[in-house]
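Written below as structure tokens is the structure these notes are about.
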Amino acid sequence: MENRKRGRLSGVYVSDEFRPESVKELKELKIQLGIGSCHFVGQCEGGVVAVDYSAAYPGEVKSLVTSSTQCFSMVPMTELNPTKFTKTFEELDPELQEKFLDWHGGYAEDSFNRFRLYGGEYGRDYFDLRNQLRSVSCPALVIYPDRSAVFDVEQGVEFYRHLVFGELMVLPDCGHNTYEERPEEYLKAILDFFKRQKSPPRRRRTRISCAA
């Protein structure tokens with residue numbers, strides 16, 4: 001059993017099926033929990049899964065919120081990731097190590113070191129979500145920090161521009177984990193967005209705001 005688990009883990013970030021498998025698992029989870037049409041909120045790679053699901057099952061997604069999700073890469077992810085995640089697991093701050101241990105248990109070190117070499121939901125090669133974004137037919141809110149150490153804020157603008165019914169919220173003086181660094185503004189932006197979907201006057205293609 002242990003060897004089989006490690007075998008699955010070794011292919012997690014390098015398999016071309018990683019993204020479609022994530023959508024399949026999300027679909028199965030919704031069925032098991034009896035969840036029908038709903039709102040999606042995704043952070044970073046979670047935003048990629050939410051976009052893929054929204055494009056594949058448009059009738060099941062009422063609205064979409066993504067935060068700190070990359071739109072496209074200029075170089076393969078195997079080149080980009082090592083420049084952003086320069087430390088190995090052993091070199092991480094103790095609190096980050098504890099977080100990964102809490103998430104992944106005995107696989108924490110292997111999981112992190114593979115992530116920093118590969119791109120997770122972003123894949124191994126050039127990543128491009130722009131065509132997929134055009135297939136998202138529900139209202140969508142893009143939340144982006146202006147001080148992320150992982151992706152530039154221009155990624156958020158590009159993400160927003162390829163949505164049919166999109167809004168963009170830029171969080172100032174905020175790092176990658178928007179929900180941790182700006183929790184009040186983050187939650188307010190999402191809740192206000194949800195309220196607007198209950199009785200929207202009309203779907204508009206342009207709406208940009210900055211939480212200052």
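Below, all heavy atoms of this structure are taken into account, side chains as well, without hydrogens, waters or symmetry copies.
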- request: With side chain to side chain contact (heavy atoms under 4.5 Å, CB included) as the test, would you mind laying out the steps for E91 and T88 before giving the verdict?
  value: CA-CA 5 Å; E91 297 169 330; T88 64; 3.5 Å; yes
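- Atom CD of E109 is separated from atom NE2 of H104 by 12.5 Å, given to the nearest 0.5 angstrom.
- Remark: of the listed residues Y122, Y144, F159, Y122 is the sole one forming a ring pair (Phe, Tyr, Trp, His ring centres under 6.0 Å) with F151.
- Scored by the side chain to side chain donor-acceptor pair (under 3.5 Å) test, S67 finds Q43, T178 as partners (sequence neighbours excluded).
- For residues 92-103, every residue pair satisfying the side-chain hydrogen bond (donor to acceptor under 3.5 Å, both in side chains) rule, not counting sequence neighbours, is listed here: K99-E180.
- In this structure, the side-chain contact (heavy atoms from CB on, under 4.5 Å) partners of S148, at least two apart in sequence or on a different chain, are P145, V150, H176.
- Results of the side chain to side chain contact (heavy atoms under 4.5 Å, CB included) test with S54 over L133, T66, V49, V136 single out V136 as the only residue that passes.
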task: Report the C-alpha separation of R182 and D173 in whole Å, then their side-chain angles, then the decisive distance to 0.1 Å, and conclude whether the side chain to side chain contact (heavy atoms under 4.5 Å, CB included) test is met.
output: CA-CA 9 Å; R182 291 280 187 159; D173 194 26; 3.8 Å; yes
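- Inter-residue side-chain proximity for H39 and V65 is flagged as unmet; no heavy-atom pair is nearer than 4.5 Å.
- Legend: residues meeting side-chain contact (heavy atoms from CB on, under 4.5 Å) with V23, ordered by chain and number and at least two apart, are D52, Y53, Y57.
- Linking ILVMFWY residues whenever their side-chain heavy atoms come closer than 4.5 Å, directly or via other members, places L64 and L26 in the same cluster.
- Scored by the side chain to side chain donor-acceptor pair (under 3.5 Å) test, D146 finds no partners at all (sequence neighbours excluded).
- For D192, the side chain to side chain donor-acceptor pair (under 3.5 Å) criterion is met by K188, not counting sequence neighbours.
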Output a table of donor-acceptor pairs, distance under 3.5 Å, between side-chain atoms of residues 71-80 and any protein atom two or more places apart or on a different chain; print 'none' if there are none.
| from | atom 1 | to | atom 2 | distance (Å) |
| --- | --- | --- | --- | --- |
| S73 | OG | V75 | O | 3.0 |
| S73 | OG | F127 | N | 2.8 |

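- Qualifying ring-ring contact (aromatic ring centres under 6.0 Å, His included) partners for H162, counting only residues two or more places apart in sequence or in other chains: none.
- With sequence neighbours left out, L101 forms a side-chain contact (heavy atoms from CB on, under 4.5 Å) with F89, A108.
- Cluster note: I35 groups with L29, L33 through ILVMFWY side-chain heavy atoms spaced under 4.5 Å, whether in direct contact or through intervening members.
- E158 CD to Q70 CD: the interatomic distance, rounded to the nearest 0.5 Å, is 11.5 Å.
- At distances below 3.5 Å, not a single donor-acceptor pair connects side-chain atoms of E181 with backbone N or O atoms of C174.
- Atom CZ of R161 is surrounded by 12 or fewer heavy atoms from other residues, nucleotides or ligands within 6.0 Å.
- Taking the side chain as every heavy atom from C-beta outward, I190 and Y179 never approach each other to under 4.5 Å.
- For residues 23-36, the side-chain hydrogen bond (donor to acceptor under 3.5 Å, both in side chains) pairs, not counting sequence neighbours, are K27-E60, K30-E60.
- For R147, there are no side chain to side chain donor-acceptor pair (under 3.5 Å) partners two or more places apart in sequence or in a different chain.
- The structure places NZ of K87 at 9.5 Å from CZ of F112, a figure rounded to the nearest 0.5 Å.
- V41 places a side-chain heavy atom less than 4.5 Å from the side chain of Y186.
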- request: Would you please test I143 and F193 for side chain to side chain contact (heavy atoms under 4.5 Å, CB included) and show each step?
  value: CA-CA 11 Å; I143 300 177; F193 175 69; over 6 Å; no
